[in-house]
Structures are given as C-alpha cells and as structure tokens.
Amino acid sequence: EAASGGHRVIRYDASLERRLTQRATVAADLRRALLAGEFHLLYQPIVELPSGRMTGVESLIRWTRPDGEIVSPADFIPVAEDTGLIVELGAWIIDSVCAQAAAWQRQHGPDALTSIAVNVSARQLVDPALPEIVAAALARHRVPAHRLTVEITETAVFGGGRALATVTALAQLGVSIALDDFGTGHSSLGLLRTCPVNAIKVDKSFVDGLGGTPQQEAIATALTGIAETMGLRTVAEGVETAAQARRLFELGYRQAQGFLFARPLPPAAIDALLAQPHPA
Ligand code: C2E
Ligand code: CA
Ligand code: CA
Ligand code: CA
C-alpha cells in the first residue's frame, strides 16, 4: 500500500516477502534433511609440491535432495548460518569428519594423512560450546587433536571478541587452525599477530593472478614468505593448471589444492589413493 502525499512511498514488497518465505522454507527443509540423512561429505586432497602426493584432505559438505538435486554449500550454508541451524549441522559435520579420520587411521595407519580439515563458519565460532563439541568428537573417535585442522575465515575472527576466544580454546586443544581464503579479508596480516594460526590457505584469486602482472606475483610471493617466516604452513587454493603449480613451486609454495590434482571425492576414492604405494 502506498502512503499518501507522494513523498514517502511505502510499498508492499512482494519480492522481499517471497525471499523471506523461501528462506524459512529452506531452513525447515535443512532441519528435515539433517534428520533424513541427506547430507554427506566429500574430501578434497591437499598435495605436496612438486610431487603431487596427497598429505591431507579438506572436507566439503554436499546436500542431495530426495529428488536427486545436489545443492551447493554456497547456497545453503548462509541460510544455515542465518537461522542458527549451522550449530547443529556443524556438530554433525565435526563428528562425521572425526569418524572418517578414525576409519582412515585404522585402515591405513596413523600417519597416512597428516591432517584432515573441517570448515567452521562465523556463527559456529561465537558458540562457546564449540571447543567442547570438537573435544568430544576427537575423544569419541580416538583421533589425536593435531590431526584435525579447523578452517576459519578472517572475517569470522576479525573484530576479536568471542570468536577469537573460541579459536584460542580450539588451539589449546591442540587442533591446527588454518586461515581460509587468506588475503581476501579485512586484516589478513594483522590477524597473524592476534589469532593463534598454524596455516594459511592462500585464496584462489592470487593463484589465478599468477603469470599476470608482476605485482600479483609479488603479493603471492610475499604471502608465503611471511607465513614461512612465522613458521606457518601455506596451502595454495584452487590450482587448476600445471603452469600454476610450477609457478607456485618456483615462488616457494610447498602445498596446494585444486582441480589439477583432484576434485572433492567420496571417501572410497580417498581410500583408493591411500592404498596406492608411494615412495617413502
Ligand atoms: P572453501 O572452504 O574455500 O572451499 C573451497 C571451494 O573451492 C570448494 O567449493 C571446492 O570444491 C572448490 N575448489 C577446490 N579446488 C578448486 C579449483 O581448482 N577450482 C575451482 N573453481 N574451485 C575449486 P565447495 O565445496 O562448493 O564449497 C564452497 C564453500 O562452502 C567453501 O569454500 C566453504 O566456505 C563452504 N563450505 C563447504 N563445506 C562446508 C562445511 O562443511 N562447513 C561450512 N561451515 N562451510 C562449508
Ligand atoms: Ca575451506
Ligand atoms: Ca578457501
Ligand atoms: Ca571460499
């Protein structure tokens, strides 16, 4: 309805209402999907340069709806965050990842994978129960804390407060902390001083910039240089071409992840990779 007078026009916004209703529908659907077991995790190898040997994996969630449609996490994680359902879903993810890590340890030995990574979103980091959830999952499945990497984004811990306290508590458990999408946030370098970090994952945008301007290569070089000086692991994300992998190695990168090496894979495919003999 429009206000009279012609100055202020308050219109009934049908598209906004539709969006909100859709959100509520998706939220209810997510809750149902969790109970119905429609989520599963894929694992993308993290490899050593230049050999390409898998040293770790990152877990990535997928949602297969009853009609077979696969929904991208980019579409449902934000809704799960807004509605708070990410706390419940996140606990399920952490438990599943620890169960999988334990299974791989049993089948392939305790050192088969250096690290198995789990993504944790901003909303989970302001939940004071998160360190307990992680500690309980590690204990339940008898996974050593140092085998788990928690990936957080800079934006989630920027501003300090409760998120920073949670990350500190996680670090005290002995889990490894990785700063995801590094270089794209507000305070990339500043955070390295305040937040207990063990690894940085250099965002795909820097990898895509390789071979472009000298400035872009200079930034990519500086990022791994700083990390190395601080004793942090660096992983280059989103490596798609052999030329990128070669250049990254020349610039000092020793770990990478991307479609060039492997896509996110179901656990059985990781099993097959772990079963392959590799040079010691
Ligand atoms: P992310 O944590 O930055 O994950 C990397 C994304 O890049 C993944 O997309 C992965 O499939 C994709 N990727 C890997 N290598 C390449 C490559 O060479 N080229 C290209 N173009 N893409 C590549 P995915 O699986 O769709 O996940 C998207 C985002 O959703 C993730 O970004 C993460 O922020 C979020 N996400 C995924 N799984 C979880 C989860 O279990 N929990 C939470 N909280 N967030 C998750
Ligand atoms: Ca990640
Ligand atoms: Ca990332
Ligand atoms: Ca990302």
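No hydrogens, no waters, no symmetry mates; every other heavy atom, side chains included, goes into these values. Order of appearance sets the numbers: ligands from 1, and atoms from 1 within every ligand.
- Ion pairing between Lys201 and Glu151 holds under the 4.0 Å rule for side-chain N and carboxylate O.
- Of the listed residues (Leu60, Val207, Asp181), the one carrying the non-hydrogen atom nearest atom 4 (O) of ligand 1 is Leu60.
- Under the 4.5 Å side-chain heavy-atom criterion for grouping Ile, Leu, Val, Met, Phe, Trp and Tyr, Leu60 is not connected to Leu41 through any hydrophobic cluster.
- Contact atoms of ligand 1 toward Ile61: 38 (N), 39 (C), 40 (C), 41 (O) (distance under 4.0 Å to a heavy atom of the residue).
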*Would Arg254 and Val235 count as a side chain to side chain contact (heavy atoms under 4.5 Å, CB included) if you check the C-alpha gap in whole Å, the side-chain angles of each, and the deciding distance to 0.1 Å?*
CA-CA 7 Å; Arg254 292 299 174 262; Val235 181; over 6 Å; no
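- Look at Asp180 and the Ca ion (ligand 3): an N/O/S atom of the residue is under 3.0 Å from the metal.
- No N or O atom of Gln257 sits closer than 3.5 Å to an N or O atom of ligand 1.
- Taking the six-membered ring where tryptophan is involved, the planes of Trp63 and Phe76 are perpendicular, since the angle between them exceeds 60° and thus also 30°.
- For the Ca ion (ligand 2), the nearest N, O or S atom contributed by Glu151 is named OE1.
- Residue Asn119 holds the heavy atom nearest to atom 33 (C) of ligand 1 of all those in Ile93, Asn119, Leu89.
- Between the OE1 atom of Glu237 and the OD1 atom of Asp181, the angle taken at the Ca ion (ligand 3) works out to 90° after rounding to 10°.
- Side chains of Tyr43 and Gln100 form a contact here, defined as non-hydrogen atoms less than 4.5 Å apart.
- In this comparison of Pro73, Ala256, Ala122, the heavy atom closest to atom 26 (O) of ligand 1 sits on Pro73.
- Side-chain contact between Thr55 and Leu113: absent, with no pair of heavy atoms (C-beta onward) separated by less than 4.5 Å.
- Within the 4.5 Å cutoff, the side chain of Val126 has no heavy atoms near those of the Thr166 side chain.
- For ligand 1 and Glu58, the ligand atoms under 4.0 Å from any heavy atom of the residue are 2 (O), 4 (O).
- At a 3.5 angstrom cut-off on N or O pairs, Ser59 does not count as close to ligand 1.
- If you number the atoms of ligand 1 from 1 as listed, the ones under 4.0 Å from a heavy atom of Lys204 come out as 19 (N), 20 (C), 21 (N).
- Residues Gln255 and Ile46 meet the side-chain proximity criterion, which asks for heavy atoms closer than 4.5 Å.
- Between the Ca ion (ligand 2) and the N, O or S atoms of Glu58, the shortest distance is to OE2.
- Considering backbone and side-chain atoms alike, Val120 places every N or O at 3.5 Å or more from each N or O of ligand 1.
- A salt bridge links Glu48 and Arg53; the closest N-O separation between the charged side-chain nitrogens and carboxylate oxygens is under 4.0 Å.
- At a heavy-atom distance under 4.0 Å, only side-chain atoms of Asp180, from C-beta outward, approach ligand 1.
- At under 3.5 Å, a nitrogen or oxygen of Arg62, whether backbone or side chain, sits near a nitrogen or oxygen of ligand 1.
- Where the criterion is an N or O separation shorter than 3.5 Å, residue side chain and backbone included, Glu151 fails it with respect to ligand 1.
- Salt bridge status for Arg123 with Asp82: absent, with no side-chain N to carboxylate O gap under 4.0 Å.
- An N or O contact shorter than 3.5 Å is missing between Gly258 and ligand 1 by distance.
- Short contacts between ligand 1 and Gln44, defined as distances under 4.0 Å to a heavy atom of the residue, involve ligand atoms 14 (C), 15 (N).
- Side chain of Gln244 to backbone of Glu240: a donor-acceptor contact under 3.5 angstrom is found.
- Coordination check, Asp203 versus the Ca ion (ligand 3): failed, since every N/O/S atom of the residue sits at 3.0 Å or beyond.
- In this structure, Arg106 is not positioned above the aromatic face of Trp104 in the sense of NZ or CZ being under 6.0 Å from the six-membered ring centre and within 45° of the axis.
- For ligand 1, the atoms lying closer than 4.0 Å to a non-hydrogen atom of Ser121 are 44 (N).
- Against a heavy-atom cut-off of under 4.0 Å, Glu240 is close to the following atoms of ligand 1: 17 (C), 18 (O), 19 (N), 20 (C), 21 (N).
- Relative to the six-membered ring of Phe259, Arg263 meets both conditions, a distance below 6.0 Å and an angle of at most 45° to the axis.
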